[in-house]
A.B. asks: 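One structure coming up, written as structure tokens, with questions to follow.
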Amino acid sequence: MRVLHTEEQLRQGVERMASEIAHAYGDRPLTIVSVLTGSVVLLADLIRMLEMPLRVGVIEASSYGGARTTRGELTVNAELLLDIRDRDVLLVDDIFDTGHTLVKVVEKVQELGAASVRTAVLLRKHGRQEVSAQPDFVGFEIPDEFVVGYGLDYDDHYRNLPYLGVLEQADLDRHHELFAASEKQ
Ligand code: IMP
Ligand code: MG
């Protein structure tokens with residue numbers, strides 16, 4: 001798999017983002033809400049770089065459709081979310097692609113009465129946005145390629161890679177060879 005960002009580059013990017021977040025909020029208590037599941041690796045690294053008082057919650061965004069990106073109906077499930085009424089919320093997600101997911105999650109968090117909502121994403125994919133909203137904090141701009149690792153998946157795999165890799169045709173072929181048997185069952 002072709003490496004787009006190494007583990008070390010990712011650490012530096014997340015550190016940069018953490019210092020921007022710290023600068024923006026100062027000592028104000030923060031509620032960080034991780035959009036499941038792609039942002040869990042970023043969440044774990046980011047919160048350990050922040051020193052202000054903070055709470056952590058999760059919210060689930062899922063779409064029925066292809067293995068790759070957001071297709072079809074997008075649903076937001078806030079059943080696991082802690083109370084965010086009157087709190088300053090920072091939403092954390094893996095990637096800003098078309099942008100529809102984050103827009104929908106922001107709406108949900110506003111409906112639940114957050115005092116303020118800002119957004120942080122590890123990646124923003126170049127030239128893909130279909131919404132006017134932009135994330136407030138961005139780790140890396142990436143080209144329009146399908147990436148996996150550091151939380152991002154293809155078909156629910158590869159989230160555990162410590163680097164960010166580009167999934168190319170040969171990788172896809174190998175993936176389907178490996179999992180063809182279990183897919184048939
Ligand atoms: P959006 O709603 O189009 O912004 O899509 C966001 C979601 O699509 C992300 O949270 C990912 O789950 C998925 N996604 C988009 N691009 C990629 C990618 O390159 N690799 C892995 N997942 C992606
Ligand atoms: Mg995904």
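Please read all numbers here as calculations on a predicted model, not as lab measurements. Atoms considered below: every heavy atom in the structure, side chains included; atoms not considered: hydrogens, waters and symmetry mates. Just so you know, ligand 1 is whichever comes first in the structure, and atom 1 is the first atom listed for that ligand.
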A.B. asks: Over all heavy atoms of both residues, which pair between Arg16 and Gly139 is shortest? Give the atoms and the distance, please.
C.D. replies: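 Of all heavy-atom pairs spanning Arg16 and Gly139, the closest is NH1-O, 3.3 Å.
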A.B. asks: Do the side-chain N and O atoms of Asp171 and Tyr154 include a donor-acceptor pair separated by under 3.5 angstrom?
C.D. replies: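 Note: Asp171 and Tyr154 side chains miss the donor-acceptor criterion.
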A.B. asks: Using a 4.0 Å heavy-atom threshold (strictly under), name the region of Asp153 that reaches ligand 1: side chain, backbone, both or neither.
C.D. replies: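 Backbone only.
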A.B. asks: Between ligand 1 and Leu152, is the shortest N or O to N or O distance under 3.5 Å?
C.D. replies: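 Among all N and O atoms of Leu152, none is under 3.5 Å from an N or O of ligand 1.
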A.B. asks: Would you say the ring centroid of Tyr150 lies under 6.0 angstrom from that of His5?
C.D. replies: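 Not close enough - the centres of the two rings lie 6.0 Å or further apart.
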A.B. asks: May I ask you to list the atoms of ligand 1 that are less than 4.0 angstrom from any heavy atom of Glu145?
C.D. replies: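 Going through ligand 1 atom by atom, the ones under 4.0 Å from Glu145 are 19 (O).
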A.B. asks: Who gets closest to atom 14 (N) of ligand 1 by heavy atom: Leu122, Leu102, Asp155, Ile95?
C.D. replies: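 Nearest option to atom 14 (N) of ligand 1, by heavy atoms: Ile95.
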A.B. asks: Just to check, does Lys125 reach to within less than 4.0 Å of ligand 1 when the distance is taken from its heavy atoms?
C.D. replies: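 True for this residue.
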A.B. asks: Between the main-chain N or O of Thr119 and the side-chain N or O of Asp136, is there a donor-acceptor pair closer than 3.5 Å?
C.D. replies: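 Here the side-chain-to-backbone pair exists.
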A.B. asks: Please determine, by modelled atom types, if Gln129 and Arg124 share a side-chain donor-acceptor pair under 3.5 angstrom.
C.D. replies: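 Judged by distance alone, the side chains do not pair up.
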A.B. asks: Name the residue from Leu4, Val138, Asp94, Val147 that meets the side-chain contact (heavy atoms from CB on, under 4.5 Å) definition with Leu123.
C.D. replies: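 Running side-chain contact (heavy atoms from CB on, under 4.5 Å) over Leu4, Val138, Asp94, Val147 with Leu123 returns exactly one hit, Val147.
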A.B. asks: Using distance alone, determine whether Gly99 and ligand 1 share an N or O pair under 3.5 Å.
C.D. replies: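 The answer is yes, given that Gly99 and ligand 1 share an N or O pair closer than 3.5 Å.
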A.B. asks: For ligand 1, which atoms, with element, lie under 4.0 Å from some heavy atom of Thr101?
C.D. replies: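 Here the atoms of ligand 1 in question are 1 (P), 2 (O), 5 (O), 6 (C).
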